[in-house]
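Numbered from 1 within each chain, the chains take letters A, B, ... in sequence-line order.
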Amino acid sequence: MSSKHLYLVDGSGYIFRAYHRLPPLTNRHGIPAGAVYGFTTMLWKLINELHQTDGPTHLAVILDASSKTFRNEMYDQYKAHRPPPPEDLVPQFPLIRDAVRAFSVPCIEELGLEADDIIACYAEAALAQDWQVTIVSSDKDLMQLIRPGLDLLDTMNNRRLGREHVLEKFGVEPEALGDVLALMGDSVDNVPGVPGIGPKTASQLIQQFGNLDAVLAGTDQITKPKLKQSLIDHADNARLSRELVRLKCDAPLPEPLDALELKGLPPEPLRAFLEDQGFKSLLAKVQGDGPATLPSGGPTMLALAPGAEEKPAPVIAQVPFNHKDYETVVDEAALDRWIAEGFACGRIAVDTETDNVDPVRANLVGVSLSTAPGKACYIPLAHIGDGLLSETPKQIAMDAALARLKPLLEAAHVLKIGQNIKYDMVVLSKYGIDVAPYDDTMLLSYDLDAGLGGHGMDELAQRHLDHACIEFKTVCGTGKSQISFDKVTLDRATEYAAEDADVTLRLWQLLKGRLAPEAATRVYELIDRPLVPVLAGMERAGIKVDREELARLSAEFSGEATRLEAAIHAEAGTPFTVGSPKQLGDILFDKMGLKGGRKGKTGVYSTDVTELERLASDGVAIARLVLDWRQLTKLRSTYTDALQQQINPATGRVHTCFSMAVAQTGRLSSTDPNLQNIPIRSDHGRRIRDAFVAEPGKVILSADYSQIELRLAAHMADVPALKDAFARGEDIHALTAQEVFGEVNRDTRARAKTINFSILYGISAWGLAGRLEVSREEAQGMIDRYFSRFPGINHYIAATLGQVRDQGYVSTLFGRKTHLPWIRSAKQGERQSAERQAINAPIQGTSADIIKRAMVRMNPALAAAGLGDVRMLLQVHDELVFELAPEQVEPASTVIRAVMAGAAEPIVQLSVPLGVEIGTGPSWGAAH
DNA sequence: TGGTTCACG
DNA sequence: GACGTACGTGAACCAG
């Protein structure tokens, strides 16, 4: 075997992938160059990576010279439906040839031949001389060439494709692949194939008969009548298709094989080319200046350039966990030693232990500290023993300990490191301590690894330190026998609490250094970290609810529900548990014999709102009754009853907890209670909002962004018609209705609204068809019209999908990443789900970034306007809720509107205005 | 505990 | 040609 190894790069595939992967960028001369940049990067990456393995000795890039080839003489419809290359791609072709030459690599094309044919010819010639051949492509036509000594390299997943791949994908040996391709045809290249035959059937037929001729000769053995007839009717098409997919491998070589020899990579021509185009980040990489750094001016391409994410995780020699080494601090001298140590280190991990998961209700029970891996202590402050046999253990007096800890926790030159430090801030603020400066390992993890797993401490310790933390429940128990932390013995408490601080410090050491190389500094420092004390303040503030009003609503909803239940039982002819989907399904579809299908793996009938609405519109009385019953019981159990329980007796208000590291996209979430899903859409529901009131002498002000996600989509996808409409303040759904349906009325506007949301969610024609209750074809037609009327959306989707497949994550305009590992799932459903998430996450996430920035700036802006006592209470994704004096409404509205509308700047300049709508009233409901 | 349903953006 | 039937959340309830 010769030691020579030829690499043939399918240049056309590279170009189109580069084009669709990158946004429309221009080079230093103002010429479109996104594809040039992408192509150059990919080629550099390829050569660089191959060089580090047992690399190629010969390499060439193969391009298509023209659109007309010998195949058009065989079949004039060949590739006839293929649209011409995009307008902004055409001027990039010559630049791409320049790029290849800059690498000192031959760039080969030949009139009348497609790149695939030239590749086949070179492959044939090289194999004849016993060379190894690798074709850099994932094109299925080229897979026909696979044989011993020849494989394909799919750079998208860095996979080698050989015989096994063809067998797995098409069920046949590579030699028989041409026959399969001929039967199935190719709608993109307009290879006719045989109608009704796709990859599955084609593969099955070839496996059964051996080859195409045998299939066509053996139709009498085929049992399915439709398939048999189609094969007989279109036998000629099948034979023609066989010739169209056959690669021509006997043409003379444009350059001799030896001319493809790789002579290293002379730096000068490449440097000159990159400099001329203004590809600075790539230039830096080529010159060995290390990985791409943060974006600095110029086009956005730096942020998209691959490379930085491929660093190996740093290996830190791990100090073992030994719980017996932790110190229980019970005298002031020992405490002073630890505090001095904290000042000396300049950073210290801190964790508080309390008697309640709700920080607003919690009392401080102890504090743990850590200054180095393995070195941690616990300072018990309010332990009371088990309350039965043991006595209250000896501890430092709370006041004395806090007086000593306060200077450390507030010292400007000592960094306090916490895991979910918002909790500790809320607790400590009740004791007059304002923790600052601070870092939060939960947020570090969230801003680096969103989408790769949870961000709780136990999970992070397992993932990064390979350490299983002592579980809270093994210390305090669970369920009825659970005890509060102040009843835990000091030695158990120390093991648990000090470990938390120890783990937090270790995690901080691992995660903090990743921020800059992984381009997460901006999101962490400018958005999430500064938001922590803002949210802590909102949680402490809480919002007043009118308990009596809630109780009245509960009683009213109860009464109505009881009446409805009786009516439902009467309709059903038997009493049953209306709240049981299983029993309801059996009553509706078995006993009453209504039409409806089984759903789900559990085999229960679906009785959800769409199903019941369908029945109700068919005049089924019980369906409407059940819907009304469900609404009332839902509102009562989830809201009017539960909220009364949630009122904090000490403050008379409800204090939600905002979670910063739960949502995959950067949004907040709200729990205990969830105040982000308080009803508003129904009349019954809206009355619940009226129970959220201002304290006497104050009013509620609600400010919400109007259609922020659609505006961001218009900006991010660069859609002129949508941007203009937003700039002029037009009704965007009406505009969409006009463009898609040609007229605006109630119905078309409602449908247009659905379509607009569908686009944000990355819907399929099937999904839209279901929502609008039209056929799949009609839905596809609407989507097509939408894409043609609003060009840019298409490109955004293609570029986003290319990006996520390439790098495994998508980013917001501010650089927040959402990792989507399922994008590489072998299961189609999981993959498609990840694709929809990829389309939505940058939009939803950018919106989340913007309102978070508004929140970070809000209190200082209000204070600067002399409105320091205006209180921000809630955030509901695109809405902020405030409590203020009536005379403050006017000046505060000005400040709030300005802060919210300008929240993206100066980091991001939007090409659409952000609209802010403000309302006020005695209650949250009235403020809308 | 998992499945179902439904409240919100 | 089969597949699936919109993105992101949290809470309550039923049934096993």
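Pairing each heavy atom of A:Leu564 with each of A:Trp629, the nearest pair is CD1-N, 3.7 Å.
When the C1' atom of B:dC8 is taken as reference, atom CG of A:Asp704 falls 13 Å away, rounded to whole Å. The separation between A:Asp683 atom CG and B:dA7 atom P is 13 Å, rounded to whole Å. The nearest whole Å value for the distance from the CG atom in A:Leu710 to the P atom in B:dG9 is 15 Å. At whole-Å resolution of the value, CG in A:Leu584 and P in B:dT5 are 9 Å apart. Following rounding to the nearest Å, A:Leu635 (CG) and B:dT5 (C1') show an atom-to-atom distance of 13 Å. Here B:dC6 presents its P atom at 13 Å from CG of A:Leu632, a figure rounded to the nearest Å. Atom CE of A:Met660 is separated from atom C1' of C:dG8 by 17 Å (rounded to the nearest Å). Atoms CE (A:Met184) and P (C:dA2) sit 15 Å apart, rounded to a whole Å.
Residue order along DNA chain C, read from the 5' end via each residue's closest nucleotide, puts A:Lys200 first among A:Lys200 and A:Ser758. Where A:Arg667 and A:Gly770 each meet DNA chain C at their nearest nucleotide, the meeting point lying more 5' is that of A:Gly770.
Taking a centre distance below 5.5 Å and an interplanar angle below 30 degrees as the stacking criterion, A:Tyr761 stacks against the six-membered base ring of C:dC7.
When the nucleotides C:dA6, C:dT9, B:dC8 are ranked by their closest atom to the side chain of A:Ala663, C:dT9 comes out on top. Here the side chain of A:Arg681 is nearest to one of C:dG4, B:dC8, C:dC7, namely B:dC8.
With respect to A:Arg687 and A:Glu549, no salt bridge is recorded, no charged nitrogen being found less than 4.0 Å from a carboxylate O.
Between the side chains of A:Gln837 and A:Thr818, no donor-acceptor pair of N or O atoms lies under 3.5 Å. No side-chain donor-acceptor contact under 3.5 Å links A:Asp358 and A:His655. A donor and an acceptor atom, one from each side chain of A:Arg816 and A:Thr665, are nowhere located under 3.5 Å apart. For the residue pair A:Ser702/A:Arg689, the side-chain donor-acceptor check at 3.5 Å is not satisfied. Between the side chains of A:Asp449 and A:Tyr809, no donor-acceptor pair is found at a separation under 3.5 Å. Checking A:Thr640 against A:Gln644 by side-chain atom types alone, no donor-acceptor pair falls below 3.5 Å. Inspection of the A:Asp784 and A:Gln780 side chains reveals an N or O donor paired with an N or O acceptor under 3.5 Å.
Contacts of A:Ser203 with the nucleic acid, taken as non-hydrogen atoms under 4.0 Å apart, are absent. Here A:Gln631 lies in heavy-atom contact (under 4.0 Å) with sugar-phosphate atoms only. No engagement by A:Leu768 is indicated, since no non-hydrogen atom pair under 4.0 Å with the nucleic acid exists. A:Arg836 comes within 4.0 angstrom of the backbone, heavy atoms only, and of no base. Within 4.0 Å of A:Ile678, counting heavy atoms only, lie sugar-phosphate atoms of the nucleic acid but no base atom. Contacts of A:Arg630 with the nucleic acid, taken as non-hydrogen atoms under 4.0 Å apart, involve only primed sugar atoms and P, OP1 or OP2.
The phosphate of C:dG4 has neither OP1 nor OP2 within less than 4.0 Å of any side-chain N or O from A:Gln828. Contact check, A:Arg771 against C:dA6: a side-chain N or O comes under 4.0 Å of OP1 or OP2. In this structure, A:Gln664 reaches the C:dT9 phosphate: one of its side-chain N or O atoms is under 4.0 Å from OP1 or OP2.
For CD of A:Glu777, the number of neighbouring non-hydrogen atoms (other residues, nucleotides, ligands) closer than 6.0 Å is greater than 12.
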* Asked: Dot-bracket for DNA chain C: what is it, with Watson-Crick or G-U pairs under 3.5 Å, [ ] where a pair crosses earlier ones, and | for a pair to another strand?
  -> ......|||||||||.
* Sugar-phosphate atoms are those with a prime plus P, OP1 and OP2; base atoms are the rest. Using that split, label each nucleotide of nucleotides 10-16 of chain C B, S or - for protein heavy atoms under 4.0 Å, 5' to 3'. => BBSSSS-
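In this structure, CE in A:Met855 is found 5.0 Å from CG in A:Leu535, a value given to the nearest 0.5 Å.
Look at the P atom in both B:dT5 and C:dT5: the space between them is 15 Å, to the nearest Å. With both ends at atom P, the span from B:dT4 to C:dA6 equals 15 Å, rounded to whole Å.
Not one N or O on the side chain of A:Arg853 forms a donor-acceptor pair closer than 3.5 Å with the backbone of A:Ile527.
Of the residues in residues 838-846 of chain A, those with a non-hydrogen atom less than 4.0 angstrom from any atom of DNA chain C are A:Asn840, A:Gln844.
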* Checking salt bridge (charged side-chain N to carboxylate O under 4.0 Å, His left out) for the pair A:Glu778/A:Arg751: CA distance, chi angles, key distance, verdict? -> CA-CA 12 Å; A:Glu778 284 174 279; A:Arg751 284 160 178 264; over 6 Å; no
